[in-house]
Student: 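This structure is in structure tokens; I'll ask about it shortly.
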Amino acid sequence: MNESYKIHLSEKEMPDAWYNILPELPTPLAPPLHPATGKPVTPDDLKPIFPDALIAQEMSSETWIEIPSEVKEIYKLWRPSPLHRARNLEKALGTPARIYYKNESVSPPGSHKPNTAVAQAYYNKKAGVKRLATETGAGQWGSALSFACKLFGIQCTVYMVKVSYYQKPYRRILMHVWDGEVYPSPTDRTNAGRAALAKNPDTKGSLGMAISEAVEDAATHEDTNYALGSVLNHVLLHQTVIGLEAQKQLALAEDKADIVLGCVGGGSNFGGIALPFARDKIKGKSNVELIGIEPASCPTLTKGQYRYDYGDTAGMTPLLLMHTLGHSFEPPGIHAGGLRYHGDAPVLCNLVHSGLITARAYTQNPVFEAALLFARTEGIVPAPETSHVIKGAIDEALKCKETGEEKCILFCFSGHGHFDLAAYDDYLEGKLVDYEYPEEKIAEALRDLPKFPTGI
Ligand SMILES: *Cc1c(COP(=O)(O)O)cnc(C)c1O
């Protein structure tokens, strides 16, 4: 067995292609439906907001999609990312399990998000687009896209969920450093934003609402496209570099994953690490357990209904078949802003529905307790989102301690928490609230769901 703390790949060993699970799903993905007609969406429907290359990837039946050399050159600024063996954490837990984490926090914006931001900016630039409009929760996606747009010389407009805009000024500043323009959403710049403000002037905002604003901005400006940081097939596709690299690194460590975990907001980092492993499972080559971890206050996979819903609050996006809490659901203002989304990637939901993936939910305080143990053993301060998966991995390692099983646990360390120190301050001062499952608010939001067939 390899004795290393970190397992590195050389730049030459970076994957040449992303893995597209669509043609290999045991149950085919239900098509997205047009919000007005209820009919399956056609590529033409998406052209006002996405470039052709990304529309093709969204619906592709190719298993492998080559990573353009321009994208690989930029990936090399931080990729291949290291795989760490969490030896100090293992010792602190007294577990016989081996814990590995794939460290996506080494990217310039500090998370996995530039893996897709760079690809999306590249395809839009190639299509002659001058500006990208997007939404951001905690600011991770907005900063990743601002960074990527800067490198390709296009403009970036970010609608940032209002609660995070004020809670996380440093990420807004980071976006400004990379020349992004940032607005607290809902704004009075769009019809969707003005309607939301009229309904509730004190709204904290939500990802769904910010998506409505960004989509409207893109759809109403000729030179502007929209970019989404999670949920869609092409986003998960780009993120598969995480899992593909991790598989090579585990092989170098002469190890094989028994459990793979990721935190789930819209499902892109978990999809990115898990889909290449899901492939082995689908092909009967492994029995790996794939576990998504979400917040108890926004428990999409564990408590949502599997049915068609809009991706945004205003009902402008196509309807997606996913686990949803209802597009009008506004989750409590937890610190893991990146996990406050009412739905999840249709690909992940499909795999949860067919039993290949399971999910689990935790409240904030135990999650931060896990984050501190991690920071005090492994040294890196995790993002509040990432702290959820750390809690999940620790629980699996503690189970091994009870049973004596020497399992290999792999998780995606999706980002660092250097801009989230106020959340740590709240936790250390005992000020963090454990929002339980907001049952009534979710029931109310679910009553607003569109009446479309579930596809099941
Ligand atoms: C955005 C974000 C998430 C959640 O998004 P996914 O699409 O579910 O990955 C998780 N961790 C970090 C650090 C993030 O920035």
Side-chain angles (χ1 to χ4, degrees), residues 81 101-117 120 134-147 158 160-161 164 168 170-171 174-175 207 210-211 227-243 260-275 290-295 298-301 311 322-323 331 334-349 352 357 359 361-362 367 371 374 380-392 411-420 423:
S81 69
Y101 59 98
K102 179 70 170 155
N103 187 0
E104 293 297 309
S105 79
V106 297
S107 79
S111 78
H112 66 289
K113 294 216 168 68
N115 296 332
T116 184
Q120 292 190 46
T134 198
E135 72 291 329
T136 197
Q140 291 272 23
W141 170 242
S143 52
L145 193 67
S146 299
F147 157 75
V158 184
M160 184 170 187
V161 177
S164 299
K168 312 203 171 203
Y170 292 112
R171 277 206 220 286
L174 193 59
M175 290 182 250
L207 266 185
I211 293 175
L228 190 61
S230 188
V231 179
L232 295 181
N233 305 339
H234 66 267
V235 179
L236 272 64
L237 169 80
H238 301 150
Q239 294 294 356
T240 58
V241 289
I242 302 172
V260 176
L261 307 105
C263 63
V264 180
S268 74
N269 86 86
F270 179 48
I273 196 159
L275 295 183
L290 307 171
I291 311 174
I293 309 288
E294 57 185 16
C298 191
T300 323
L301 292 174
M322 58 186 177
H323 290 83
I334 54 165
H335 281 286
L339 305 185
R340 294 173 73 244
Y341 184 60
H342 69 272
D344 260 316
V347 163
L348 277 194
C349 296
V352 167
I357 285 179
Y362 294 109
V367 159
F374 188 88
I380 313 177
V381 180
E385 291 84 358
T386 311
S387 306
H388 284 74
V389 70
I390 293 173
K391 170 69 180 157
F411 70 89
C412 180
F413 190 91
S414 57
H416 67 65
H418 297 173
F419 299 116
D420 303 283

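Indexing begins at 1, ligand by ligand and atom by atom, following the structure's order.
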Student: What are the two closest heavy atoms between Ile242 and Asn115, and how far apart are they?
Tutor: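 Result for this residue pair: CG1-ND2, 3.7 Å.
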
Student: What are the atoms of ligand 1, with element, lying closer than 4.0 Å to any heavy atom of Glu385?
Tutor: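 Counting atoms of ligand 1 from 1, those under 4.0 Å from Glu385 are 10 (C), 11 (N), 12 (C).
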
Student: Relative to atom 3 (C) of ligand 1, which among Gln140, Gln239, Lys113 owns the nearest non-hydrogen atom?
Tutor: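 When every heavy atom of Gln140, Gln239, Lys113 is considered, Lys113 comes closest to atom 3 (C) of ligand 1.
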
Student: Would you compute the distance between atom CD1 of Ile380 and atom NE2 of His416 and round it to the nearest 0.5 angstrom?
Tutor: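 The CD1 atom of Ile380 sits 9.5 Å away from the NE2 atom of His416.
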
Student: So which heavy atom on Pro295 is nearest to which on Val264, and how close?
Tutor: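 Heavy atoms only, the tightest pair is CD-O, 4.3 Å.
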
Student: What's the separation between atom CD1 in Ile291 and atom CZ in Phe411, rounded to the nearest 0.5 Å?
Tutor: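 If we round to the nearest 0.5 Å, Ile291:CD1 and Phe411:CZ are 13.0 Å apart.
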
Student: Can you find an N or O of Leu339 that's nearer than 3.5 Å to an N or O of ligand 1?
Tutor: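 It does not: no N or O of Leu339 is found under 3.5 Å from an N or O of ligand 1.
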
Student: Between Pro109 and Phe147, what is the shortest heavy-atom contact and its length?
Tutor: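 Where Pro109 meets Phe147 most closely, the heavy atoms are CG-CD2, 3.8 Å.
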
Student: Need the ligand 1 atom indices (1-based, order shown) with element for anything under 4.0 Å from a heavy-atom of Gly415.
Tutor: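 The atoms of ligand 1 under 4.0 Å from a heavy atom of Gly415 are 13 (C).
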
Student: Check this for me - ligand 1, Gly265, N or O atoms closer than 3.5 angstrom, yes or no?
Tutor: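 Right, the criterion is met.
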
Student: For residues 137-145, please give each side-chain donor-acceptor pair under 3.5 Å, one per line with the distance, not counting sequence neighbours.
Tutor:
unit_1 : atom_1 : unit_2 : atom_2 : d
Trp141 : NE1    : Thr134 : OG1    : 2.6
Ser143 : OG     : Gly139 : O      : 2.7
Ser143 : OG     : Gln140 : O      : 3.0

Student: In the protein, which heavy atom is nearest to atom 7 (O) of ligand 1, and how far is it?
Tutor: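 Its nearest protein heavy-atom neighbour is Ser230 OG, 2.5 Å.
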
Student: Distance under 4.0 Å to a non-hydrogen atom of Val264: what atoms of ligand 1 satisfy this?
Tutor: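 Going through ligand 1 atom by atom, the ones under 4.0 Å from Val264 are 8 (O).
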
Student: Could you pull out all residues at least two apart from Phe413 that satisfy ring-ring contact (aromatic ring centres under 6.0 Å, His included)?
Tutor: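 Only Tyr101, Phe374 meet the ring-ring contact (aromatic ring centres under 6.0 Å, His included) criterion with Phe413.
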
Student: Ignoring hydrogens, what is the shortest heavy-atom contact between Pro384 and Val367? Give both atom names and the distance.
Tutor: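 Smallest heavy-atom distance, with atoms named: O-CG1, 4.2 Å.
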
Student: Compute the shortest N/O to N/O distance between Gly267 and ligand 1 and return yes if it is under 3.5 Å, no if not.
Tutor: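 For ligand 1, there is an N or O atom that lies under 3.5 Å from one belonging to Gly267.
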
Student: Using a strict cut-off of 4.0 Å, indicate which atoms of ligand 1 neighbour a heavy atom of Cys263.
Tutor: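 The atoms of ligand 1 under 4.0 Å from a heavy atom of Cys263 are 10 (C), 11 (N).
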
Student: Could you pull out, from Ser414, Ala336, Ser268, Gly417, the option with a heavy atom nearest to atom 6 (P) of ligand 1?
Tutor: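 Nearest option to atom 6 (P) of ligand 1, by heavy atoms: Ser268.
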
Student: For atom 4 (C) of ligand 1, which protein heavy atom lies nearest, and how many Å away is it?
Tutor: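 Checked against all protein heavy atoms, atom 4 (C) of ligand 1 sits closest to Gly338 O, 3.5 Å.
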
